[in-house]
Amino acid sequence: MIKQEKEFQDKIDADLTIEPKDWMPDKYRLHLIRQISQHAHSEIIGMQPEGNWITRAPSLRAKMVLIAKVQDEAGHGLYLYSACESLGITRDELIDQLQTGKAKYSNIFNYPTLSWADIGAIGWLVDGAAIVNQQSLRGTSYGPYARAMVRICREESFHQRQGYEIMSKMSNGTKEQQQMAQDALNRWWWPSLMMFGPHDADSAHSSNAMKWKIKRETNDALRQIFLDRTVKQADLIGLTIPDPDLKWNEKTKHYDFGKIDWDEFWKVVEGNGFCNKERIANHIKAHKEGIWVKQAALAYAKKMEN
Ligand code: BYC
């Protein structure tokens with residue numbers, strides 16, 4: 001091992017953060033660009049399924065809360081793009097990777113939002129899963145990524161409650177509302193479990209990610225934390241988790257659960273989910289239509305420099 005590499009690993013082992021100007025192996029840098037950009041793209045694409053319901057929110061309060069949440073996601077994307085740029089890649093390159101399908105984003109945002117209850121399910125399950133993952137990432141070894149996570153986690157916590165409130169109201173509402181809430185849970189449950197990525201044995205990047213403390217916990221460990229927490233929350237509001245194999249395991253003190261459909265997962269992340277094409281087409285369109293804003297902002301900044 002070359003001297004620089006040893007010093008780098010020693011820092012990580014001592015739980016010190018790696019900062020943009022520190023020496024780092026290329027593989028670490030590229031690993032982070034891949035993960036942070038995937039994370040940023042997820043925040044930005046994730047605005048679409050929720051944005052779909054802003055005009056149809058059932059009350060002014062619900063509309064205001066949803067708008068605030070969607071705006072937060074834009075902010076998360078921006079912190080994450082900035083963290084990613086500190087690794088030596090430009091925003092334009094990152095956006096190009098997303099729009100040409102070179103970069104992935106979370107599987108979950110390729111499912112449609114069919115009813116208002118889906119907005120509840122996204123906040124409760126999707127943000128709930130994201131919090132578990134992101135709380136762990138607050139301890140990630142790359143300083144700018146870890147610091148971005150602190151604020152993001154606070155906001156995600158509000159998002160999770162926003163979703164749980166909707167689900168709780170609907171499951172305590174009319175029979176039709178209860179059915180809508182259960183239907184949303186049925187559709188979002190399994191894709192939410194997939195958000196944590198493949199099982200540890202099939203996770204190509206986990207071994208380096210754990211060695212470099214990019215990940216502090218494995219995909220399966222985080223999935224289990226989310227599952228244990230969420231089953232109890234579903235019980236509390238009278239909803240049923242759509243898994244006949246779900247049962248409490250007295251020995252492990254965790255819930256055992258059924259098989260995840262990994263064929264569906266790979267189909268979706270490889271671009272063949274319900275909404276992949278629509279999500280990317282919307283992103284490209286928004287960029288084209290908004291180019292004049294970017295040009296005006298850049299021209300203004302240039303004028304101020306002179
Ligand atoms: N979806 O070796 P693995 C939000 C890919 S947004 C798609 O385990 P890794 C919100 C993976 O990229 C929050 N692809 O990978 C926003 C890899 O393929 P590549 C989103 C996935 O990186 C708006 C391959 O599968 N959160 O909360 O060690 C509204 C093998 O996987 C997924 C984050 O992005 C997936 N779910 O672990 C509401 C968290 N999982 O790259 C809410 C940050 C895996 O070799 N990311 N793949 O082509 C991470 O923590 C990690 O990247 C993962 C995957 C746990 C996701």
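Sequence positions, counted from 1, serve as the residue numbers for this chain. Order of listing sets the numbers, starting from 1, for every ligand and every atom in it.
The proximity of Y105 to ligand 1, defined as any non-hydrogen pair under 4.0 Å, is limited to the backbone. In K69, the part holding a heavy atom less than 4.0 Å from any atom of ligand 1 is the side chain.
Put simply, atom 53 (C) of ligand 1 has no protein non-hydrogen atoms near it, under 4.0 Å away.
Summary of contacts: the protein heavy atom closest to atom 40 (N) of ligand 1 is G197 CA, 3.3 Å. Considering only non-hydrogen protein atoms, atom 43 (C) of ligand 1 sits nearest to H39 ND1, 3.4 Å. Annotation: atom 42 (C) of ligand 1 to nearest protein heavy atom, D127 OD1, 3.5 Å. Nearest protein neighbour of atom 27 (O) of ligand 1, counting heavy atoms only, is A130 CB, 3.0 Å. Taking atom 30 (C) of ligand 1 as the reference point, the nearest protein heavy-atom neighbour is P198 CG, 3.9 Å. Closest to atom 55 (C) of ligand 1, if we only count protein heavy atoms, is F196 O, 3.6 Å. Given atom 10 (C) of ligand 1, the protein heavy atom at minimum distance is F109 CZ, 3.4 Å.
Looking at D127 and R161, no side-chain N of the basic residue comes within less than 4.0 Å of a carboxylate O on the acidic one, giving no salt bridge. Using a 4.0 Å cut-off between charged side-chain N and carboxylate O, K267 and E270 make no salt bridge. A salt bridge links D15 with K213: at least one charged nitrogen is closer than 4.0 Å to a carboxylate oxygen.
Of the listed options K104, Q48, Q35, Q38, Q38 places a heavy atom closest to atom 12 (O) of ligand 1. When V268, N107, L222 are ranked by how near their heavy atoms come to atom 35 (C) of ligand 1, first place goes to N107. Distances from atom 39 (C) of ligand 1 to the heavy atoms of T140, N133, I131, I108 put N133 nearest. Distances from atom 22 (O) of ligand 1 to the heavy atoms of R34, E73, H205 put R34 nearest.
Judged by distance alone, the side chain of Q177 and the main-chain N or O of N172 form no donor-acceptor pair under 3.5 Å.
Note that the CD atom of Q48 and the CZ atom of F109 stand 10.5 Å from one another [nearest 0.5 Å].
The contact set between ligand 1 and S106, taken as ligand atoms under 4.0 Å from a residue heavy atom, comprises 1 (N), 7 (C), 36 (N). Applying the 4.0 Å criterion to heavy atoms of S203 picks out, from ligand 1, the atoms 2 (O), 3 (P), 8 (O). Short contacts between ligand 1 and M194, defined as distances under 4.0 Å to a heavy atom of the residue, involve ligand atoms 36 (N). Interface of W266 with ligand 1, defined as ligand atoms under 4.0 Å from a residue heavy atom, comprises 24 (C), 25 (O). The distance from ligand 1 to the heavy atoms of A204 drops below 4.0 Å at these ligand atoms: 2 (O). The contact set between ligand 1 and F265, taken as ligand atoms under 4.0 Å from a residue heavy atom, comprises 21 (C), 32 (C), 35 (C), 36 (N), 40 (N), 44 (C), 47 (N). Taking a cut-off of under 4.0 Å to the non-hydrogen atoms of M195, the atoms of ligand 1 that pass are 36 (N), 56 (C). Atoms of ligand 1 found under 4.0 Å from any heavy atom of Y145, numbered from 1 in the order shown, are 43 (C).
Counting all heavy atoms, side chain and backbone alike, S141 lies closest to Y28 at OG-OH, 2.9 Å.
Between H41 and Q97, the side chains place no donor N or O within less than 3.5 Å of an acceptor N or O (distance only, hydrogens not considered). With no hydrogens or angles considered, no side-chain donor-acceptor pair links Y111 and D118 at under 3.5 Å. With no hydrogens or angles considered, no side-chain donor-acceptor pair links E264 and W262 at under 3.5 Å.
No more than 12 heavy atoms of other residues, nucleotides or ligands sit less than 6.0 Å from atom CZ of F274. In R151, the CZ atom is not crowded: 12 or fewer heavy atoms of neighbouring residues, nucleotides or ligands sit closer than 6.0 Å.
Using a non-hydrogen distance threshold of 4.0 Å, K215 registers as a contact of ligand 1. Heavy atoms of H76 stay at 4.0 angstrom or farther from ligand 1. Between E156 and ligand 1 there is a heavy-atom distance shorter than 4.0 Å. The closest approach between A209 and ligand 1 stays at or above 4.0 Å for every heavy atom of the residue.
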message: Evaluate K63 against I54 for side chain to side chain contact (heavy atoms under 4.5 Å, CB included), listing each step before the verdict.
response: CA-CA 6 Å; K63 192 193 283 268; I54 289 175; 4.3 Å; yes
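Taking the six-membered ring where the residue is Trp, the centroids of Y81 and H76 are separated by 6.0 Å or more.
Checked by distance only, ligand 1 and I122 stay at 3.5 Å or farther apart across all their nitrogen or oxygen atoms. Where the criterion is an N or O separation shorter than 3.5 Å, residue side chain and backbone included, N219 meets it with respect to ligand 1.
Using cut-offs of 30° and 60° for the angle between ring planes, the F8 and W212 rings count as perpendicular.
M194 has its side chain out of reach of I108: every pair of non-hydrogen atoms, C-beta onward, lies at least 4.5 Å apart.
Remark: of the listed residues I131, D72, L137, L80, L80 is the sole one forming a side-chain contact (heavy atoms from CB on, under 4.5 Å) with I152.
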